[in-house]
Amino acid sequence: MGNILDYIDWRGDIKMDKTGFNAIDGLIMSQLAYIDFDGIVKRGFKSSTKLSKAAQKFHKVFEKTDEDSLSNLAINTHSVLMKMTEADRFRDLMLFNYAQKYNKENSEQFGAVTVRIDSGIYVVAFRGTDDTLAGWEEDFKLCYITPVGAQIEAEKYLRKVCEQIDGKIYVCGHSKGGNLAVYSSMMLSEEHKKKIVSIMNYDGPGFMQDIVETPEYKSILPKIESYMPQGSIVGMIMYHAGEYNIVHSIERGMQQHVALTWEVLGNRFVRDNSFDKSSIIFRTACNKWVSEISAEEREQFIRIVFQILKSGEADTITGFTSKILTSMNCVIKSYNGLDKTTRKMIRSIIKQMIKLGTQSISENKRENKVLAKNISESE
């Protein structure tokens, strides 16, 4: 067994015009979207850059970066990029229309790149959540508002690609990038939707129930391919429709979200038959929180929590955890500085979340007992 790096070694000598674009290629492109190609790959469709040349330029910047400031995500995606330069399958792919947007004040984080496979086939890859607190806050905004800033940017980006390109388009993304791939596709005109071959969502969060029930969402449902690890957490946030492809990860817990932990054999993912119990319990609890805690309460709670988290010096998860004692002191100080009414509200919602989570565990146990009883009686 191996991972996407091994896949590049195994299948790297076979160009895509021979075997076609597949789901593992999509996950690799989704990792490519995390790379900061600012100043390397231009915005727009008139100029393109060969992947090998873009990688060479990015590597020079990466080497000069302080190692302590690099997140695991940055290190992993750099490894994937450099491995791609060693393979005939990827090194000559053309990159263009790079875009990124970061707004700390509005908690907006967006990135995308378009890849030309050949003259008639293209891939649009949306960036998932990066290391910034602003990016993580935007993820949580999905629990009470649609669209968020990144979804608006993704819709504009994909529409522009469809207007400029005459060919087949694969849309993909990992983490929040998967959500953006789905959202941007569902908002296209019917004419542009015909250009979309497949929408590949790799462990991306879902949507609020009313979005999943819209005609726009249902119109693209046959084209959505959802891939999640057996212990998925991020992908279990809110609601999806359609089937899941459960991929085996060699890690446990939140580390399963990391693309490099997903097992690959040949040109296929190694599959699991079902999600872990912890993943199912989390999904049940999350849906209870969304349905039973009002949108106003969710919004207020999330805003205050991230206001507290951002009260320190760190703007990133890496920076926050590397100075954990200082960061936690800032969190405690900021929390104590809130007025009594706000503190009471936070405690009340946390208690409610714990209660709903406990109910989810109990319900799961009851469902398992009923299932076991039915199996026993049928034998």
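- Within a 6.0 Å radius of NZ in Lys42, no more than 12 heavy atoms belonging to other residues, nucleotides or ligands are found.
- Electrostatic pairing of Asp276 and Arg252 does not count as a salt bridge here, judged by no charged N lying under 4.0 Å from a carboxylate O.
- A salt bridge is absent between Glu137 and Lys141: the closest approach of a Lys/Arg side-chain nitrogen to an acidic carboxylate oxygen does not fall below 4.0 angstrom.
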In sequence, state the C-alpha distance, the side-chain angles, and the governing distance for Lys194 and Glu190, and then conclude on salt bridge (charged side-chain N to carboxylate O under 4.0 Å, His left out).
-> CA-CA 7 Å; Lys194 293 177 183 178; Glu190 292 305 313; over 6 Å; no
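- Counting non-hydrogen atoms of other residues, nucleotides and ligands closer than 6.0 Å to CG of Asp210 gives a total above 12.
- For the residue pair Ser198/Glu225, the side-chain donor-acceptor check at 3.5 Å is satisfied.
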Given Val247 and Glu263, is the side-chain contact (heavy atoms from CB on, under 4.5 Å) satisfied, shown in steps?
-> CA-CA 7 Å; Val247 181; Glu263 281 200 317; 5.8 Å; no
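- Under the 3.5 Å distance criterion, with hydrogens and angles disregarded, no donor-acceptor pair is assigned to the side chains of Gln109 and Asn103.
- Of the candidates Tyr122, Tyr170, Phe21, Tyr170 is the only one forming a side chain to side chain contact (heavy atoms under 4.5 Å, CB included) with Val197.
- One N or O on the side chain of Asp36 and one on the backbone of Asp38 form a donor-acceptor pair closer than 3.5 Å.
- Using a cutoff of 4.0 Å between basic side-chain nitrogens and carboxylate oxygens, Asp25 and Arg89 are scored as salt-bridged.
- For Asn273, the CG atom is loosely surrounded, since the number of other residues' heavy atoms within 6.0 Å does not exceed 12.
- Gln300 and Glu296 share no donor-acceptor pair across their side chains, judged by distance under 3.5 Å alone.
- Note on ring orientation: taking the six-membered ring where Trp is involved, the planes of Phe275 and Tyr244 are perpendicular (angle over 60°, cut-offs 30° and 60°).
- Using modelled atom types, one finds a donor on one side chain and an acceptor on the other under 3.5 Å when comparing Ser175 with His257.
- Using a 3.5 Å distance cut-off with no hydrogens or angles, the side chains of Ser226 and Tyr202 do not pair a donor with an acceptor.
- Not less than 6.0 angstrom separates the ring centroid of Tyr183 from the ring centroid of Tyr217.
- Aromatic ring orientation, Phe58 versus His78: tilted (interplanar angle from 30° to 60°).
- At least one donor-acceptor pair closer than 3.5 Å links the side chain of Asp203 to the backbone N or O of Gly235.
- One finds no salt bridge joining Glu86 and Arg91 here, because no Lys/Arg side-chain nitrogen approaches an Asp/Glu carboxylate oxygen to under 4.0 Å.
- Taking the six-membered ring for Trp and the full ring otherwise, Phe269 and Tyr227 have centroids separated by under 6.0 Å.
- Counted by atom type alone, Lys193 and Ser185 present zero donor-acceptor pairs between their side chains at under 3.5 Å.
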